[in-house]
Number of protein chains: 2
Amino acid sequence: MGKRMGTVSKALSLLTYFNHGRTEIGLSDLTRLSGMNKATVYRLMSELQESGFVEQAGADRSYRLGPQVLRLAALREAAVPILSVSRRVLRDLSDETGETTHLSLLQGSQLNSLSHAYSPRNATKVMMEDAEVLTFHGTSSGMAVLAYADPAFAEEVLSQPLEARTPETITDPQEIRAQLGEIRSTGIAQSIGGFEADVHSHAVPVFGPDRKVIGALAVAAPVSRMSAKQKQLIPEALRRAGATLTHRIGGSAPADYPQDTTA
Amino acid sequence: MGKRMGTVSKALSLLTYFNHGRTEIGLSDLTRLSGMNKATVYRLMSELQESGFVEQAGADRSYRLGPQVLRLAALREAAVPILSVSRRVLRDLSDETGETTHLSLLQGSQLNSLSHAYSPRNATKVMMEDAEVLTFHGTSSGMAVLAYADPAFAEEVLSQPLEARTPETITDPQEIRAQLGEIRSTGIAQSIGGFEADVHSHAVPVFGPDRKVIGALAVAAPVSRMSAKQKQLIPEALRRAGATLTHRIGGSAPADYPQDTTA
DNA sequence: ACCAATGGTTCGAATAGTGAACCAAATGGC
DNA sequence: GCCATTTGGTTCACTATTCGAACCATTGGT
């Protein structure tokens with residue numbers, strides 16, 4: 001927090017010290033965490049409290065987030081449905097990579113492709129349909145979601161018969177479990193010809209506000225166009241786009257997700 | 001906003017101008033709405049934008065709520081899971097009554113509808129929006145809250161001009177005071193066509209850990225469907241649901257609240 | 001070409017924020 | 001029972017920050 005900031009930014013920065021492990025913070029703790037003067041912190045918190053952004057818990061007088069944030073969140077949701085947000089991210093990602101991109105969301109126990117974007121750069125491209133059901137095994141999006149989903153859910157999916165859409169589809173549960181571990185360590189999934197022949201796709205998970213995976217963002221390219229250069233560019237751009245989308249919809253990645261080191 | 005307020009309160013008060021009818025507001029509009037100087041509004045909004053509380057939409061540069069509010073709402077839920085707890089209660093209550101149910105919470109001096117559930121049983125149903133502002137007079141939820149709120153607060157509400165949303169809305173303060181007394185003796189409020197025509201709604205107060213009213217739980221049905229049987233079933237189910245919700249969030253009703261005798 | 005909007009910027013005057021020091025009330029050793 | 005430390009909360013002289021009238025630069029309508 002080395003920068004010069006106005007009073008409002010200072011006040012709001014106090015809210016950043018709340019997280020899943022620290023839902024209540026006392027005045028003295030906040031003073032230490034923020035490095036500001038105690039009187040300043042007190043006054044700022046008093047104002048935040050008047051506006052309902054924080055409230056004081058009963059026992060000690062430590063602060064926690066107030067009910068007002070719920071109202072704002074409901075309005076944000078009404079103003080910015082995830083899909084419209086994702087469209088811009090998808091278009092930018094398509095422009096950057098020159099390939100087809102799509103977003104899929106976990107709805108119930110089914111993964112649906114819900115939005116996509118094409119790049120005008122290349123005449124040949126991977127075609128997509130919205131509301132297409134994706135299998136978990138054999139698609140990069142499905143694997144990305146599975147890698148970060150509730151382990152019980154993943155096991156349930158793997159316990160069912162796994163259909164091979166193409167000769168390349170991997171259907172051995174043991175091999176898939178191994179791949180999921182690998183995805184968890186890199187934060188990105190890929191599949192070569194697992195769903196459609198000749199398609200090389202990459203995918204990253206998208207997380208919601210509760211840090212749970214809600215879907216996946218993917219880039220699908222013809223294998224013939226996957227040059228060495230593309231093999232580097234696409235994962236990079238995809239990672240960035242995934243982080244952007246997760247952030248724009250108010251989500252945050254779980255602590256164990258491989259974070260972007262260059263902020 | 002005639003009161004003296006610090007910079008932070010001013011900035012946050014700008015956020016109150018967002019609602020369902022106005023999810024995006026331009027600089028000039030905000031200046032007019034708030035009555036502040038344009039330069040002031042601009043600077044405050046710039047700071048809110050830096051913190052991610054608002055963002056500027058693409059086309060014109062009008063502002064809308066930013067993704068940061070979703071993160072805070074998720075944390076608030078982690079600390080005080082009212083919404084997630086209420087969702088289950090609402091769903092059960094909708095299933096039991098066959099009607100639309102909703103929860104509203106008192107935020108500052110404003111009552112906001114924050115969560116709702118529909119019943120699949122009937123094709124016609126009362127529709128709801130989250131984050132809608134409810135009037136105290138003319139809604140069963142508002143009356144339920146007012147009946148158990150600080151008397152000084154109730155009087156302040158009644159001293160202000162009471163708008164009639166429908167021809168059925170009761171706007172006479174004296175008559176409202178009489179109704180509040182009645183609500184206190186029965187523990188349940190009802191309104192027929194006071195907010196939306198042809199809607200018969202019942203509401204019970206919800207209490208926090210300090211025994212103060214924090215909001216209301218309501219059932220809204222089309223008047224045409226309010227048979228004698230429903231007129232008995234709904235209040236019963238609502239009372240039970242209200243007690244359950246108050247209990248689940250760690251609250252307790254004040255001593256003078258008409259308690260469920262059959263525990 | 002004009003006018004009336006819009007978003008954005010400037011700068012001296014005035015207000016609002018700052019922080020060291022200070023309370024009173026809980027805690028916690030011992 | 002006592003001293004020491006910690007807590008949340010408050011004061012007040014100093015000054016940095018915010019305020020607001022007036023200003024620009026664009027845009028869109030006629």
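Here is how names work: the chains are called A, B, and so on, in the same order as the sequence lines, proteins then strands, and each is numbered from 1.
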Applying side-chain hydrogen bond (donor to acceptor under 3.5 Å, both in side chains), can you list everything that pairs with [X], at least two apart in sequence or on another chain?
| X | answer |
| --- | --- |
| B:Q49 | B:Q56 |
| A:D29 | A:R32 |
| A:H202 | A:Q190 |
| B:T166 | B:T169 |

Taken in chain and number order and not counting sequence neighbours, the residues that satisfy ring pair (Phe, Tyr, Trp, His ring centres under 6.0 Å) with A:H247 are none
Partners passing ring pair (Phe, Tyr, Trp, His ring centres under 6.0 Å) against B:F207 (at least two apart in sequence or in another chain): B:Y148, B:Y257
Nucleotide interval of DNA chain D bounded by contacts with chain A (heavy-atom cut-off, under 4.0 Å): D:dT7 to D:dT18
To the nearest 10 degrees, the angle between the two end axes of the helix from C:dA1-D:dT30 to C:dC30-D:dG1 (five pairs per end) comes to 50°
Can you see if the side chain of B:Q49 gets near the phosphate of C:dG7 - specifically, an N or O under 4.0 Å from OP1 or OP2?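 B:Q49 to C:dG7 OP1/OP2: no side-chain N or O under 4.0 Å.
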Would you check if the side chain of A:R64 reaches a backbone N or O of A:T23 as a donor-acceptor pair within less than 3.5 Å? no
Produce a footprint string for nucleotides 10-22 of chain C: one letter per nucleotide, 5' end first; B if the base is under 4.0 Å from any protein heavy atom, S if only the sugar-phosphate is, - if neither. B-----SSBBB--
Who pairs with A:E236 by salt bridge (charged side-chain N to carboxylate O under 4.0 Å, His left out), at least two apart in sequence or on another chain?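 Scan of A:E236 (salt bridge (charged side-chain N to carboxylate O under 4.0 Å, His left out), adjacent residues dropped) gives none.
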For the pair A:R248 and B:E55, find out whether any cationic side-chain nitrogen is under 4.0 Å from an anionic carboxylate oxygen.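 B:E55 and A:R248: not salt-bridged.
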Check ion pair B:E196-B:R165 (N to O, under 4.0 angstrom):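 Yes, this pair counts.
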More than 12 heavy atoms of other residues, nucleotides or ligands under 6.0 Å from CZ of B:R211: yes or no?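 Correct, the count exceeds 12.
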Pairs where residues 131-145 of chain B contributes a residue and the test side chain to side chain donor-acceptor pair (under 3.5 Å) is met, not counting sequence neighbours: B:S140-B:S201
Listed in order of residue number, which residues of residues 25-33 of chain B have a non-hydrogen atom at under 4.0 Å from DNA chain C?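 Close to the strand are B:G26, B:L27, B:S28, B:R32.
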